[in-house]
Amino acid sequence: MSDLILDASQIRVEFGGLVAVNDVDFQIPTGSIVALIGPNGAGKTTFFNVLTGLYRSTAGTVMFDGQPIAGRAPHQIAAMGMARTFQNIRLFGTMTATENVMVAMHAHLKGGLWQTIFGSPGQRREEQAARDTAHELIDFCGVNGDPDEFAKNLSYGDQRRLEVARALALRPKLLLLDEPTAGMNPQESDDFIAFVRRVRDAKQLTVLLIEHDMKVVMGVSERITVLEYGSKIAEGTGEEVRANERVIEAYLGKAATHGAT
Amino acid sequence: MAVVTTPGTGTGARRLRRVAVPALFLIGGLSVPTVVTNVGAFEDRWFPLTTMVLCGIFVMFTLGLNIVVGYAGLLDLGYVAFFLFGAYTAGWLMSSFFFQIDPGIHIFDAAINPDSPGINLSFWIVVPIAAVVAAIAGVIIGAPTLRLKSDYLALVTLGFGEILPQAFRNGESIKGFNLSNGTKGIGPTNPLDMGWLSWTGVGKDAINVFDYKTRYYVIFALCVIFILISLRLRDGKLGRAWLAIREDELAASLMGVPLMRTKLWAYGVGAAAGGIGGAFYCVSLGGVQVDTFNFQFSVIVLCMVILGGMANVYGCILGAVILTWVNYTGMKEIGNSVNNTFGTEISVPKYQFLIFGIVLVLMMLFRRDGMLPAARQKHSREIDAQIEKIGTEGVA
Amino acid sequence: MSSMSQAVRGGGREWNATNVVGVALLGLIGLWILWNFIDSPTQVIQVAILGLCNGALYALIALGYTLVYGIIELINFAHGDLFMLGSVFSAMIISDWFGQETSNPTGWAVFALTFVAAMAFCAAINVSVDQLAYRRLRNAPKLAPLITAVGVSFIFQNVGIIWNGSAPKSQNAVLPGGSLEIGDVRVPWTYLFTVIITIPLLLLLTWIVQKTRQGKAMRATAQDPDAARLMGINTNRTIAFTFALGGAMAGAAAIMYLQNNGTTRYDAGFQLGLIAFTAAVLGGVGNLTGAVLGGLLIGLIQGLNDGAPHGLGQEWSQSVVFSILIALMVFRPSGILGSPTSEKV
Amino acid sequence: MATNAHTGPMLKVENIHVYYGNIAAVKGISIEVNAGEIVTMIGSNGAGKSTTMRAISGLIAPRRGVIEFEGRKISGMPGHEVTALGISQSPEGRRIFGRMTVDENLDLGAFLRNDKDGIAEDREYVYGLFPRLKERIHQKAGTLSGGEQQMLAVARALMGRPRLLMLDEPSMGLAPMLVELIFNTIRQIREQGMTILLVEQNALAALDIADRAYVLESGVVKQQGSAKDLAASDDVRKAYLGG
């Protein structure tokens, strides 16, 4: 295993003439929890979309687990072990919680069309095992609702947790969380920080999160990268980043630092 | 049987229903020919076996289209293409049409003349072949078009549904080779052979032209098999992937579901049912007529799926049976009754399109999930104003 | 979704296998036309002109598709059948109400009157259907309005059957018959009239969309309905207006078709509608100029296929048109003039 | 219009609940905006700020609660009618009409107005506020830079000559220099007597120019008060500075 689960170099994304991500270098050490922060519109989600294969970067390379992801379809990258959640929850609304998780096992399940039609013993065992695993993951992530309930009928918090459970079903090496605490109150956010740590340790994976809530970011991440209008402006530990002049400026706004006096 | 994890399967009443519904369906379905026996009687006038056989055929089509539209959420307006391939496959392989092959090939067939030229295969061999031919056609049609947006996909499938019949209509002389016999169609085809059942005392080599009872049992059996396939697939890995794609294609692909392959499977399986239905239709009518294959067919089958309830197998069966009956018997008989009672002369079947059109529109406006909505749709009455926002950050 | 596909396609046009095949296909079509032309120039010019005149009709119908698609992304399946109803309506006014059978000054006056009436008739029906059906489905999944449109198309067809009978009916032309002859090329006057009438209609439409207040509202609604609402635009009324415009174009096409072909049939709309839709897609759906260009091109290709020495003949006409549609979808879904960011409406 | 007769707050949002499907995005928010004030709503992503704005503009109807503008109930009213009453919004993500020119976008901002002279006057006014837009007058709005698009969105909202101007995240994705420019412009607009409701993530910048503020969290109002007090409050500093 290499030390870097992800090594992105010189990533550039342009839409028309607009530069959304501007030659960003970004590494994630295996087993760490890192955060990508920056104001709205700084290009964080765009960067996620490049990693997961939704966008093709205009320039730059991404190595994931020692292999380049260029030219791979999103489902192939997912099967390599990159799982994500979404800023706006994107569960399969009219499928049950269990089914949602089981969809993400697609790449790992072997039962094909014929085995399914004839209900071969192997396929049945596999389905049962998958269902059990799904229930375990749902438990593990602390989804309180009925696992046989439709995802859309779960509470907001449960939906967020179910998204993580679904992502974990991919058996990811790298888990990408896109603003996981958006819409949570401070108590829920605190619980979430503990949960992310638990996931990392129990599943032995690496976590990359996009966050807005500085408290969450500072509480959970070992390294922080700050993006601002598509460019990387700072990188380091929480302390380092917090002390960084440019970060303060980007977050508090110049107007505040000047005008308030 | 695998446990289906639809909400609330745990309760006793639900469990009972899970056994009772299929049992009732089987008993009811099997008893139809014994009920409808007296020629000219009320039940024969209103529920003739000829129509019941057609109901079976349309159930098959509806279940096939349901896989594509209901399960996977891909709007196919050219389903007639698969019907066509199934029917012509039977026409080619169960008749003397290819008279160039002389002496003919005869395999377990029931040709009237055992020395007739052409390819004469048993219906039971033709069924899987028709399924495969149609499935391959489905994949070929699907492959270049499945990455299109939903409404464009509908248009392209419609295009194929228009081109193929025209090609077969004009396929009388392709460089001198007669592929389809043009507007004259192919026929007569060999009768349905039931010889393989002779040891039970039921079967006979070839069933009589008027033996709708046997025909009914055959299509009923074929339907039961495909119903089982539909139900099993829905609960398996592939079915989940279809539903996921229907719900949110992008999220599905990010969860490791290969979009193209999964959609092509839906096309293939759905087309196979069309092929089987087509082959049976051909044998049941004793030939193929190219004019059978029109856009209206595709829409009527779509109506059946929608009326019954998308993605719900039993709903689809109900939708198919009701609309087929209305189409072939109900409308005529209701018209007759009305005219007899009131002394009018309204030709009710003339309003067929009107009725189908109104059914479609009203269903879309007031009961989008059909008469028997799939359990998972019941809750979706309320439209989520989900905001598609992924990736808009930075694009503005 | 759309932003995703845009981004993946992003940057400049990529020179991949699909594009190469697409260009090769175009080249082959060009060569085929050349081959026909060298073989029999007069015949090719003749059928090309007739094809283009037909194309003007297609363009008028295509505009209805493109306007509606541009504003609510609905493929208005019933549009072709609306056109059919328009033709039956026109025939009713001309033959049944006025009993006009020949081309004379009274006939021309009747024509003018019917022309306006047909446009109003189709516009009114189109708006009513939108308000009764599609309006309630604005937030529904995309499949719902599309299926509704299919249903409306069936209803229209059945109305056509009841109104016009299930067999084609022959109708009288009230515009001057005969042909304009230039050398060996003959073009029926009615065909020329079609073109002559189409041009000002197109100019008027363009003016409405580009210059008027309503047009501005249409373009804004097409781009971003929510933002349009924030500007104070009544998006529902704007959509209704768009349906009215599209319907009026179908009405104009209907009466011109009647003059050209002299028949009314309940299933005319299905075929013509599909051809016109192909035209709209060919030009880049949502693009007005594109719809016209697409209509003319389809008319031309169809004319050549049906009448040129090396054409496949009329019995393959539909297949040729739909093959173009399918090839387009595969090779260039955005059409000739369309691009993912092009002007809608 | 009964504008002058109306006393009390110009905008009154009373205990509104807004849902997307089954998810409650706003769970009982009440805010008030008085004439002449700048009021800001701050809070992290998903706190319900933009949803509240959408509810005020009539783009989404609250399931419960009432919104009143100048004493008139506007909740449940379609968006275009709300605009006609004198509320303009520069929405989140700018939502300019990218395929139209800068000038056409401004025209649309004045869609409901018929006073040619007034429109021309306002056009000059917004070009005065944003000279950079004047240079790009015939350019397609989609080709503008992010900052210019934001200026256009604000300018477009001003063209409606609103009595209440709502700005949703005007600093989003902008470089600090541009953020400063936008905020300075907001100050200028306010000096003309405009009432402004501002949603911002750049909390301190927003607090700096606002009179009063509401801190939103998970769909409810967590704190409210004068902007000065809130800017000085430890809680706010903690939430936005991470310590």
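All values below were derived from every heavy atom in this structure, side-chain atoms included, with hydrogens, water molecules and symmetry-related copies excluded. Residue numbers begin at 1 in each chain, while the letters A, B, ... track the order of the sequences.
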**Message:** Using 30° and 60° as the class boundaries, would you call the ring planes of B/Phe58 and B/Phe297 parallel, tilted or perpendicular?
**Reply:**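 Ring orientation, 0 to 90° scale: tilted.
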
Indicate the ring-plane relationship of C/Phe154 and B/Phe356, choosing parallel, tilted or perpendicular according to the 30° and 60° boundaries.
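The arrangement is perpendicular - the two ring planes meet at more than 60°.
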
Heavy atoms only, distances under 4.5 angstrom: which of [options] has the most pairs with chain C? Name it, please.
options: B/Pro165, B/Gly159, B/Ala154; answer: B/Gly159
options: B/Asn170, B/Leu75, B/Val156; answer: B/Asn170
options: B/Leu155, B/Leu158, B/Leu164; answer: B/Leu155

With only heavy atoms counted, which part of [X] is less than 4.5 Å from chain B, the side chain, the backbone, both or neither?
X: C/Leu146; value: side chain
X: C/Tyr266; value: side chain
X: C/Ser323; value: both
X: C/Phe156; value: neither
X: C/Leu74; value: neither

query = So which of C/Ala149, C/Pro145, C/Gly151 has the biggest tally of heavy-atom pairs under 4.5 Å with chain B?
reply =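 Of the candidates given, the most pairs with chain B belong to C/Gly151.
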
Q.
Please identify, among C/Leu325, C/Ile147, C/Thr148, the residue contributing the most non-hydrogen atom pairs under 4.5 Å to chain B.
A.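 Top option by heavy-atom pairs under 4.5 Å: C/Ile147.
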
_Quick check: B/Phe293 with B/Phe168 (ring centres under 6.0 Å apart)?_
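Here the rings of B/Phe293 and B/Phe168 have centres that are no less than 6.0 Å from each other.
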
### Message
Aromatic contact between B/Phe160 and B/Tyr267, with the criterion being ring centroids under 6.0 Å apart: yes or no?
### Response
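Judged by ring-centre distance (under 6.0 Å), B/Phe160 and B/Tyr267 do not meet the cut-off.
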
Handout entry: Note, C/Met84 side chain near C/Asn164 side chain (heavy atom, < 4.5 Å)
Key =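 Side-chain contact under 4.5 Å: no.
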
inquiry  = Within the 3.5 Å criterion, strictly below it, is a donor on C/Asn158 or B/Gln352 matched to an acceptor on the partner's side chain?
reply    = no

Hits for salt bridge (Lys or Arg N to Asp or Glu O under 4.0 Å) against B/Lys332, two or more places apart or cross-chain, chain-then-number order -> none

- prompt: For B/Leu362, is it the side chain, the backbone, both, or neither that has a heavy atom closer than 4.5 Å to a heavy atom of chain C?
  reply: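 Neither the backbone nor the side chain of B/Leu362 comes within 4.5 Å of chain C.
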
request  = Scan residues 267-287 of chain C for pairs that pass salt bridge (Lys or Arg N to Asp or Glu O under 4.0 Å), counting only residues two or more places apart or in two chains.
outcome  =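 Counting only pairs at least two positions apart or across chains, the salt bridge (Lys or Arg N to Asp or Glu O under 4.0 Å) contacts touching residues 267-287 of chain C are C/Arg265-C/Asp267.
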
